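Data first, discussion second: the structure below is written as structure tokens.
Owing to the predicted nature of the structure, the values given are computational and were not obtained by experimental measurement. Counting begins at 1 with the first residue of the sequence. Quick note: numbers below take in every heavy atom, side chains included, and nothing from hydrogens, waters or symmetry partners.
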Amino acid sequence: NDDAVKNCKLDYHVIFEPTATTSYSGYSATKSYLIVYILDDVKEQLKFYKLGDGGGPFVQVSGDEEEGQIQSVGASPVDSVTSDLVFQTTSSYISPSSLVLADATKIGQDAYVVSELKSLPEMFDSTDLEVTQKFAVSKDGTKIPYFMIYKKGMKLDGTTPTLLYGYGGFEVSLGPRYVTTVGISWLERG
């Protein structure tokens, strides 16, 4: 009915607003939760929003105090119509991809991960490796994030051979990923 459409009032609510260092990366949804993927200085994080009572506006239930980790992370619903369970994947420079079953209703609790399902095998020894994030400052004062992977205890005095790689085109960020060839040929060797 055209009259019903004309008289329908919609209320819009901002769920995520980007800042100078954050950007929207994607989303997924379960029965009662909206999961927003955010890049924060190229560190990925998930923020969970619960559908309000009676179908009201979404309310953020996690992420206010959380800082993104140096990892890749994503979540896909098991069944977005009937369940709040998600398949969550993580990967980092020194940890291969892993898949867990998680319960969005328990976000922020120890019971969030219901079951560890699968993980790719470790292809190089990362026990003595450390990953940190630093920032270079451009001439105009812009802080440019970058990651460093190195042996724990390494002196950062400029004498260690270094592989430098960068990418920043087409508004596509190159996030933390487990790369076996780099791990075997460079990281294991210090």
Side-chain angles (χ1 to χ4, degrees), residues 12-19 21-133 145-149 152 171-180 182-183 187:
Y12 294 95
H13 302 274
V14 174
I15 291 179
F16 169 74
E17 188 170 346
T19 67
T21 63
T22 62
S23 63
Y24 166 82
S25 181
Y27 79 95
S28 60
T30 69
K31 176 183 166 190
S32 306
Y33 290 84
L34 178 67
I35 306 165
V36 179
Y37 313 152
I38 295 169
L39 286 175
D40 181 3
D41 281 324
V42 197
K43 296 182 294 187
E44 293 183 309
Q45 69 183 122
L46 304 177
K47 291 195 180 207
F48 287 74
Y49 298 85
K50 185 173 185 340
L51 185 60
D53 293 335
F58 283 97
V59 176
Q60 186 172 347
V61 294
S62 78
D64 277 331
E65 68 292 334
E66 298 171 16
E67 180 179 317
Q69 302 298 307
I70 301 175
Q71 67 179 358
S72 168
V73 64
S76 298
V78 171
D79 179 348
S80 61
V81 176
T82 64
S83 172
D84 287 318
L85 295 175
V86 294
F87 292 116
Q88 182 172 314
T89 57
T90 57
S91 178
S92 75
Y93 289 117
I94 59 175
S95 299
S97 296
S98 66
L99 173 68
V100 300
L101 178 64
D103 184 347
T105 65
K106 297 182 180 353
I107 187 68
Q109 301 173 21
D110 290 338
Y112 170 68
V113 173
V114 174
S115 175
E116 295 182 11
L117 301 175
K118 295 247 181 208
S119 181
L120 290 175
E122 292 184 3
M123 301 302 286
F124 60 91
D125 183 9
S126 63
T127 54
D128 289 333
L129 296 177
E130 188 170 345
V131 180
T132 59
Q133 184 178 46
Y146 66 93
F147 300 104
M148 289 179 47
I149 312 162
K152 292 176 183 170
E171 297 183 13
V172 176
S173 297
L174 185 61
R177 302 288 189 269
Y178 191 80
V179 181
T180 301
V182 172
L187 300 178

**OP:** Taking all non-hydrogen atoms of both residues into account, name the closest pair between Q133 and D41 and its distance.
**Re:** NE2-O, 2.7 Å

Subject >> Closest approach of I107 to V61 (non-hydrogen atoms, all atoms of both residues) >> reply: CG2-CG2, 3.8 Å

Subject >> Closest non-hydrogen atom pair between I94 and S126, with its separation >> reply: O-OG, 3.2 Å

**OP:** Work out which heavy atom in F48 is nearest to a heavy atom in A104; give both atom names and the distance.
**Re:** CE2-CB, 3.9 Å

**OP:** Starting at CD1 of I35, measure out to NZ of K47 and round the result to the nearest 0.5 Å.
**Re:** 14.0 Å

Subject >> Shortest non-hydrogen separation from A75 to L46 and the atoms involved >> reply: CB-CD1, 4.0 Å

**OP:** Please check if atom CD in E130 has more than 12 non-hydrogen atoms from other residues, nucleotides or ligands closer than 6.0 Å.
**Re:** yes

**OP:** Could you verify whether a donor N or O on one side chain and an acceptor N or O on the other, from Q71 and T90, lie under 3.5 Å apart?
**Re:** no

**OP:** Could you pull out the closest heavy-atom pair between S28 and P77, with the gap in Å?
**Re:** CB-CD, 4.0 Å

**OP:** Would you please indicate yes or no on a ring centroid separation below 6.0 angstrom for F124 and Y178?
**Re:** yes

Subject >> is_close_aromatic(Y93, F147), centroid dist under 6.0 Å >> reply: yes

Original post:
Between the side chains of R177 and S72, does any donor sit under 3.5 Å from an acceptor?
Top reply: yes

